[in-house]
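See structure below.
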Amino acid sequence: MKSSLCILVLVAITPWQTYGYSSFQTRIPNGDKVRDPCDGTTVWQGVGHEAIGGGGPRNPFGLDFHNNGQVWNATLCQKDSDGDGMSNGAELGDPTCVWTPGSTPTEDPTGHPGLCEPWSDPICLEKNTFHNCQTPDFQCDATKAPDVMEYAVRFPETPVPAEETTYICMNFAMPADQDYHVIADRGLIDNAFVMHHILIYGCPNDVEEGDLVNGLNTPFACGMAGEVRCQEVMAIWSVGIPGFCHNENAGFRIGPNGYKYASMQIHWNNPSKRSDHTDSSGMTLFYTPVLRPNNLGNLMIGESVFQIPPREDRYVIESECNSFCSSNTMNGSVHIISGLNHMHYMGRQMTTYMTPAGGQRQTIMHDEHYSYDNPVVHTFQTPHEFHPGDSLSTKCSFTSAHKAVTTTSGEATSQEMCFAFLFYYPKEAFQTVQCTTALGLQTCLLSHPTAVVDGCQLKTFFDNQTMWTQIFGELTVRCEKFFCRKECKTYIQEMRQHPCFNGTIGDYVDRILGAFIGVNEMALYHSCDKEIALEAREACSCTTPNPRPCVEYTGSGASLQVSLYLLLVAMVAIYAK
């Protein structure tokens, strides 16, 4: 009798619970589409619960939902239950808080309202104690062969600066008693609270220890460039990547005829700027004296200079390594064996394409629900053949709905990236390690000795030191910071007749100059921008309905002088009364 009663109770309760979860899903926008941030694909059935399937303790959103009478309204919509900087409405696809039960949400969900994201952020790791994303175990049968050895390289225990973003590098020597192939790698993570990524850059074979700017086995502060002579990516670790197991036909050559030295770069992310963190992370390289048929290479493609405006549901950045660039940087065909797309936390979707010369564009890597915390390593069982004259392109989609200011591209976690990394063989077929764009301009064209972009032969332009000395000498004599002199305006207008100072190429030149010359010089160069823009729209005149006088001395300084003069005249008139 008791067992029969228990069965009846279970039969009665189970459908009620299933129906209950479904009914709760219909009370919030996109309640049946919220995904687990760990893998970006599994639907979180019980959005308000700590357990992904529902039931048990409520998460922060579930508590707020319960305390709000289990109704969706502006109060709950505008609240940031999980404390990750995004409102519940923005995460559930109702950023304007207009959704009502039964209606269709204006957008797809962008996150989980009860789970702090990104989960690998140190602040979120402290909040999400009820849900820990586990990186899958590294699986690579080739590493179990008796001839395969392990080479572990890691930083000594090092204090992490109390800064949001830190890049730190360390040069080291590779095993070099003979030639080997590195066939796999995996991360050695000491402090997950600060680790963002690790890259190992191989130094070209002609680089000797004395050529390195920094000594061996000693960490040094660096930017994304790291050791300037060592720029060939041979190993990558990022949050969520268990490791790389390379195609049986290729490996990264180390030793006397390969990389003898390398530089390991670590990116620490410390948004709370804590001063008590230390780290000794690194990587393990699996290498073998049994050389494979080909040497492996890595190519980076994508856009390096862009901006994402705030309050955008979807903002797309595109880049192409075009046929000219592939023709001028390749001496033969390659086989692309694997790769991964890379953005930061605003990234939502990314695709990498390959277009054969004269053929149709084909997708080779597509992340429908991109997650920085769970990147997908795309491995091609049948390698993609890429030939000189073919093109590669990337398309990155970002969401900035929760941002109040523009986000720039850059190396910090709070900035964004749009790159793809492709592993290929044979390495010798490419004479470059990257084929990217900057402001949409092909970098291979910008550095090409004879290529002309929009009428500008950029390499010759930048290499003309005599011209630059003359330009900045004239600017110093003719111009004044923050004020526009007539002689300065005339000179700058003459300068900008040169095609390298106009359009998109002009914007690129401006950025390069801003990075390599002083602020004072740039202030002189831009001191008449406002006046030049006004004259481009309408010439100065004293007879138009809205006269804009031509004055010998223009700009904010002149306007201030005129304003002060008029104010004094008015004061005299008032005093005279």
Side-chain angles (χ1 to χ4, degrees), residues 38 118-122 125 132-145 148-161 165-176 180-203 214-222 224 226-227 230 232-246 251-252 254 259 261-270 274 276-288 296 298 338 340 342 372-375 377 413 421 423:
C38 291
W119 67 262
S120 63
D121 188 295
L125 288 174
N132 183 26
C133 297
Q134 297 291 333
T135 299
D137 292 334
F138 179 54
Q139 301 291 334
C140 184
D141 291 341
T143 62
K144 301 173 184 176
V148 174
M149 298 171 281
E150 296 184 18
Y151 184 65
V153 55
R154 61 194 314 161
F155 276 61
E157 190 77 18
T158 305
V160 176
T165 299
T166 299
Y167 278 77
I168 188 164
C169 299
M170 185 179 73
N171 299 333
F172 62 96
M174 290 286 196
Y180 300 96
H181 265 158
V182 174
I183 62 169
D185 61 70
R186 70 180 179 196
L188 291 170
I189 308 306
D190 171 47
N191 187 343
F193 283 89
V194 296
M195 283 303 306
H196 184 274
H197 75 243
I198 305 174
L199 293 173
I200 292 182
Y201 294 95
C203 308
N214 301 277
L216 300 180
N217 305 317
T218 302
F220 60 93
C222 60
M224 288 182 66
E227 181 72 35
C230 309
E232 302 179 12
V233 175
M234 60 174 295
I236 302 173
W237 175 88
S238 184
V239 177
I241 294 180
F244 273 92
C245 185
H246 297 303
F252 286 101
I254 62 174
Y259 301 128
Y261 298 95
S263 186
M264 182 166 64
Q265 176 205 84
I266 283 182
H267 175 185
W268 286 324
N269 179 38
N270 184 14
R274 288 175 50 178
D276 58 340
H277 279 303
T278 61
D279 183 55
S280 61
S281 295
M283 296 192 77
T284 295
L285 304 177
F286 297 87
Y287 67 109
T288 174
L296 199 57
N298 183 279
S338 62
L340 74 158
H342 181 76
Y372 173 80
D373 289 328
N374 191 55
V377 176
T413 310
F421 295 90
F423 293 92

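Please read all numbers here as calculations on a predicted model, not as lab measurements. Side chains are part of it too, since the values below use all heavy atoms of this structure and drop only hydrogens, waters and symmetry mates.
- Atom NE2 of H181 sits about 8.0 Å away from atom CG of L296, to the nearest 0.5 Å.
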### Task
Test Y261 against E227 for side-chain hydrogen bond (donor to acceptor under 3.5 Å, both in side chains), laying out the working first.
CA-CA 11 Å; Y261 298 95; E227 181 72 35; over 6 Å; no
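- Inter-residue side-chain proximity for I241 and H197 is flagged as unmet; no heavy-atom pair is nearer than 4.5 Å.
- A salt bridge (Lys or Arg N to Asp or Glu O under 4.0 Å) check over residues 276-286, counting only residues at least two apart or in different chains, returns the pairs R274-D276.
- Applying the side chain to side chain donor-acceptor pair (under 3.5 Å) criterion to Y287, with sequence neighbours excluded, gives no partner residue.
- For the pair M234 and D185, the minimum side-chain heavy-atom distance is 4.5 Å or more.
- In this structure the side chain of P156 reaches within 4.5 angstrom of the side chain of M170, judged on heavy atoms.
- We find the OG1-CD distance between T143 and E150 to be 7.5 Å, quoted to the nearest 0.5 Å.
- With contacts defined as side-chain heavy-atom distances shorter than 4.5 Å, the pair F244/V182 does not qualify.
- Taking 4.5 Å as the limit, some side-chain heavy atom of I266 sits within range of a side-chain heavy atom of S281.
- Nearest heavy atoms, F286 versus V148: CB-CG1, 4.0 Å.
- Nearest heavy-atom pair across I198 and G282 is CD1-O, 3.4 Å.
- The minimum heavy-atom distance linking P242 with G240 is given by the pair CD-O, 3.4 Å.
- L199 has its side chain out of reach of Y167: every pair of non-hydrogen atoms, C-beta onward, lies at least 4.5 Å apart.
- Here the NE2-CE distance, from H267 to M195, works out to 9.0 Å after rounding to the nearest 0.5 Å.
- In summary, the side chains of S263 and N171 do present a donor paired with an acceptor at a separation below 3.5 Å, with no hydrogens or angles considered.
- A distance of 12.0 Å separates CZ in F155 from CG in D190, rounded to the nearest 0.5 Å.
- In this structure, CG in N217 is found 9.0 Å from CZ in F172, a value given to the nearest 0.5 Å.
- If you check the side chains of N270 and H277, you find no donor sitting under 3.5 Å from an acceptor.
- Taking the six-membered ring where the residue is Trp, H342 and H196 present perpendicular rings, their angle passing 60° and hence far from 30°.
- With contacts defined as side-chain heavy-atom distances shorter than 4.5 Å, the pair F252/I200 does not qualify.
- In this structure, CG in N269 is found 9.0 Å from OG1 in T166, a value given to the nearest 0.5 Å.
- The minimum heavy-atom distance linking T284 with A152 is given by the pair OG1-CB, 4.0 Å.
- Minimum heavy-atom separation, A184 to H246: N-CD2, 4.0 Å.
- Listed by chain and residue number, nothing satisfies the side chain to side chain donor-acceptor pair (under 3.5 Å) test with T218 (two or more places apart in sequence, or in another chain).
- Using a 4.5 Å heavy-atom threshold, the side chains of P161 and W268 count as touching.
- The minimum heavy-atom distance between S280 and R154, with the atom names listed, is O-NE, 2.8 Å.
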